There are 4 protein chains.
Amino acid sequence: MTFDPLPPAPANVVGRGPKVRAAVLAATLAELGETGFAALTVENVARRAGVHKTTVYRRWKDRRNLVTDALTDHVVSNISIPDTGCVASDLSQLARHVVRLQNSPIDQAVTTALHSDAARLPEVAEIRRQFFADRFRRAEPIIGRAVERGELPSDTDPTLTIKALIAPIYLRILVTAEPIDDASADHAAEITLAAARAGVFRRPRC
Amino acid sequence: MTFDPLPPAPANVVGRGPKVRAAVLAATLAELGETGFAALTVENVARRAGVHKTTVYRRWKDRRNLVTDALTDHVVSNISIPDTGCVASDLSQLARHVVRLQNSPIDQAVTTALHSDAARLPEVAEIRRQFFADRFRRAEPIIGRAVERGELPSDTDPTLTIKALIAPIYLRILVTAEPIDDASADHAAEITLAAARAGVFRRPRC
Amino acid sequence: MTFDPLPPAPANVVGRGPKVRAAVLAATLAELGETGFAALTVENVARRAGVHKTTVYRRWKDRRNLVTDALTDHVVSNISIPDTGCVASDLSQLARHVVRLQNSPIDQAVTTALHSDAARLPEVAEIRRQFFADRFRRAEPIIGRAVERGELPSDTDPTLTIKALIAPIYLRILVTAEPIDDASADHAAEITLAAARAGVFRRPRC
Amino acid sequence: MTFDPLPPAPANVVGRGPKVRAAVLAATLAELGETGFAALTVENVARRAGVHKTTVYRRWKDRRNLVTDALTDHVVSNISIPDTGCVASDLSQLARHVVRLQNSPIDQAVTTALHSDAARLPEVAEIRRQFFADRFRRAEPIIGRAVERGELPSDTDPTLTIKALIAPIYLRILVTAEPIDDASADHAAEITLAAARAGVFRRPRC
DNA sequence: CCTTAAACGAGACGGTACGTCATGTCTTGTC
DNA sequence: GACAAGACATGACGTACCGTCTCGTTTAAGG
């Protein structure tokens, strides 16, 4: 969920191209954060990017494509998966990592946008889906190793477990609007660990 | 979070007043569900309610007030608190009740709206806050009775516990967009119960 | 080619309607006169009329309709046909009348517009056609009476004669851009009279 | 008012210069004829000339200069002055020549443009003025010879006479939009001759 | 024949105006 | 007196064209 340093180059590279593209996408995310998707205006984005309205429309068909592109660009599930040799630490570390990814204003804006009216756009919904699918998939080894080490019951479902881990965090972000910190992360890890040890996430469940 | 049949009548009662009011608010919720807050249009609401645009503006200052009022009217925390004599059943029942409250299209629309761009309106944020605060407060006795019965550790924090209970449900609603049913509810209850028994929700924590 | 005092009311009569309509049409003609059809801008017309752009578009589909309507409204062939008992005076009077109709800035603007790029619009071309057809038809009696009085050869074609009468005037207006006055009118009348007496306009000709 | 085969070369002669210049000016006149000055776009001209927009702007400062240059290039008063020894024939021949100059689409386009919104450009107005001034000047000998031969009154003003000659033709072109042919030309000549013989064009008049 | 400078193709850009749509205010007539 | 109807100012939408400005790439001399 941070800048992708690799050259994705979905647009042309001539002239001021790349600079304009970056400026407009950054402005879009900033506006998304400040005013939200519903109130986001192409003209404000353009002004903020120091660019003319028609320049935005030259590269993006409409407001929706602009937002979609801005989110796509910044939603990169580069989450790092801990491997401490102890499932309790692993879950805690993972949860803390998720929490930290919400600390920059830009990533807050992205998360908020992904769960706002923008999510009615099929492309945005798909971005969100892939983001979480990727996150669940990458976190699987944590549970796999824990099972191998005998820390968790065999048949413990990795995805169910990770969902349980992030659920309290997203409840605070999206529902109760409480701040999140390492303590919140550890709390979520404890809940998950207790449930996992009790066999709540064993496969037959869905 | 269901239709309130009682006459709240915060507006005038003369003429076609109440009928118009109800029709417009119902139309507002329907539009909220279909198009979302960002794309909600006073003209569409008016058309749907079989009423003229100016009639809407006569009663509500603007689009924001209309939405706020529609949500206020329908967000009524009339959740029923189970008392089965067993905390496992109580949590399961409560979770199932929460799930069922999402079954009507209108309540889905309300929940979606409460967590969409509309939540940037202070009034809507306040509605959401009060709704959940009320829900947590009313559910406290479940935990209290469980502690008294010795089913859960003393010092188990009711609010923390209930938050843990609803977290997986709201993750499915808001994040993963998965359908929710009684199984989801029971799963959430199991997680919570395991964690609670393990003492994860004891007071010192926050 | 002057204001039509009769209530044409092609638009609704509610609200500021008629006032706005008149203001916009007047502004349109003024802009036509100052900048011409090619450079006429709806936004400038609106500003000049003290009205918002969308108000113009509410009543007229586009720039073309606006211009067409403005011209229609003001092109009223209310030319008065002299009857002095002498064809020489009649032609002179008629020519002078035509010249005088070009004296107001507004009528100059209309004439210019009718012979500018605006005439590529089929509606404007039709307005012009009808205007001149009507003028030729109304002037017929002058020639008819002259023939009856024996002042002109029988079989003198009225339309041919009137065309010859106005040709030098319109040459000055449209081609040589010379000012026109009563002397120009009398000159045109003399040419026409000499030719008519010589039998140049007798029917067999076309 | 036809293609000038001489190398005017107001631009450089190196490279593809002359070919491009000719193609663009031809395309400009074609567009002038089809869409008129008001709707003429540089991009359409460029496309039609098989050239890129920037190539047009490299040679002409703007749309106005392009049109001006295209008209200048093609408005060449190469009218041939008849000398048949008889003023009646001379006038008829001259009129027929004027008519024939309107037969090519390109010359029609030029004439239309000269009397359209383009004429608001001072340069275009000047082109028109010079074109007609030149035509009147070159036609003078016709009248001079007629006077010498005693066919017309002494003091017959050549310019007035020629204006009278072309007036009916331009009325058909610009006002009544009727087709013109040799008959129209002869008719104009007859009118003019009758008036001239009657002394209508004697000098004191203006 | 081969280089070399101009002219050209391509297209992004800031800008003006277009014509559309929704907001929220207002007035007029009608039930 | 509340409502329907709808005009209005405002402001954003998304489009087309203007005229300017790089960049590479021909291409037609001139060495």
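All values reported here derive from a predicted model rather than from experimental measurement. So you know, we letter chains A, B, ... as the sequences are listed, proteins then strands, and number each from 1. Only heavy atoms go into these numbers, but all of them, side chains included; no hydrogens, no water, no symmetry mates.
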With sequence neighbours excluded, residues passing side chain to side chain contact (heavy atoms under 4.5 Å, CB included) with B:Thr55
B:Val20, B:Val51, B:His52, B:Arg58
Can you list the residues that meet the side chain to side chain contact (heavy atoms under 4.5 Å, CB included) rule with B:Arg128, with sequence neighbours excluded?
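Expected list: A:Ala177, B:Leu114, B:His115, B:Ala119, B:Phe132.
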Euclidean distance, atom [atom1] of residue [X] to atom [atom2] of [N] [Å, nearest integer]:
{"X": "C:Asp62", "N": "E:dC21", "atom1": "CG", "atom2": "P", "result": "14 Å"}
{"X": "C:Lys61", "N": "E:dC18", "atom1": "NZ", "atom2": "P", "result": "14 Å"}
{"X": "A:Trp60", "N": "F:dT15", "atom1": "CH2", "atom2": "C1'", "result": "18 Å"}
{"X": "C:Lys19", "N": "F:dC8", "atom1": "NZ", "atom2": "P", "result": "10 Å"}
{"X": "C:Arg63", "N": "E:dA17", "atom1": "CZ", "atom2": "C1'", "result": "10 Å"}
{"X": "C:Leu66", "N": "E:dC18", "atom1": "CG", "atom2": "C1'", "result": "13 Å"}
{"X": "D:Asn65", "N": "F:dT20", "atom1": "CG", "atom2": "P", "result": "10 Å"}

Side-chain N or O of [X] less than 4.0 angstrom from OP1 or OP2 on [N]?
{"X": "C:Arg59", "N": "F:dC8", "value": "yes"}
{"X": "C:Tyr57", "N": "E:dT20", "value": "no"}
{"X": "C:Arg64", "N": "E:dG19", "value": "yes"}

Counting only distance, no hydrogens or angles, is the base of E:dG19 paired donor-acceptor with the side chain of C:Lys53 under 3.5 Å?
yes
Do the side chain of A:Thr54 and the base of F:dT15 come within less than 3.5 angstrom through a donor-acceptor pair of N or O atoms?
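Side chain to base: no pair below 3.5 Å.
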Mapping C:His52 and B:Thr55 to their closest nucleotides on DNA chain F, which lands nearer the 5' end?
B:Thr55
Going by salt bridge (Lys or Arg N to Asp or Glu O under 4.0 Å), name the residues that satisfy it together with D:Arg64, two or more places apart in sequence or in a different chain.
D:Asp62
Those residues at least two apart in sequence (or on a different chain) that pass salt bridge (Lys or Arg N to Asp or Glu O under 4.0 Å) with D:Glu123 are none
Side-chain donor or acceptor of B:Asn65 paired with backbone N/O of B:Trp60 under 3.5 Å:
no
What nucleic acid atoms does D:Arg58 come within less than 4.0 Å of, heavy atoms only: base, sugar-phosphate, or nothing?
base
Only one of B:Lys61, B:Arg59, B:Arg21 forms a salt bridge (charged side-chain N to carboxylate O under 4.0 Å, His left out) with B:Asp69, so which one is it?
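Of the listed residues B:Lys61, B:Arg59, B:Arg21, the salt bridge (charged side-chain N to carboxylate O under 4.0 Å, His left out) partner of B:Asp69 is B:Arg21.
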Determine all donor-acceptor pairs shorter than 3.5 Å in which one atom belongs to a side chain in residues 32-47 of chain B; sequence neighbours excluded.
{"residue": "B:Glu34", "atom": "OE1", "partner": "B:Arg48", "partner atom": "NH1", "Å": "3.3"}
{"residue": "B:Glu34", "atom": "OE2", "partner": "B:Arg48", "partner atom": "NH1", "Å": "3.4"}
{"residue": "B:Glu34", "atom": "OE2", "partner": "B:Arg48", "partner atom": "NH2", "Å": "2.5"}
{"residue": "B:Thr35", "atom": "OG1", "partner": "B:Glu31", "partner atom": "O", "Å": "3.0"}
{"residue": "B:Asn44", "atom": "OD1", "partner": "B:Arg47", "partner atom": "NH1", "Å": "2.9"}

Within residues 34-47 of chain D, those residues having any heavy atom closer than 4.0 Å to DNA chain F are D:Leu40, D:Thr41, D:Val42, D:Glu43
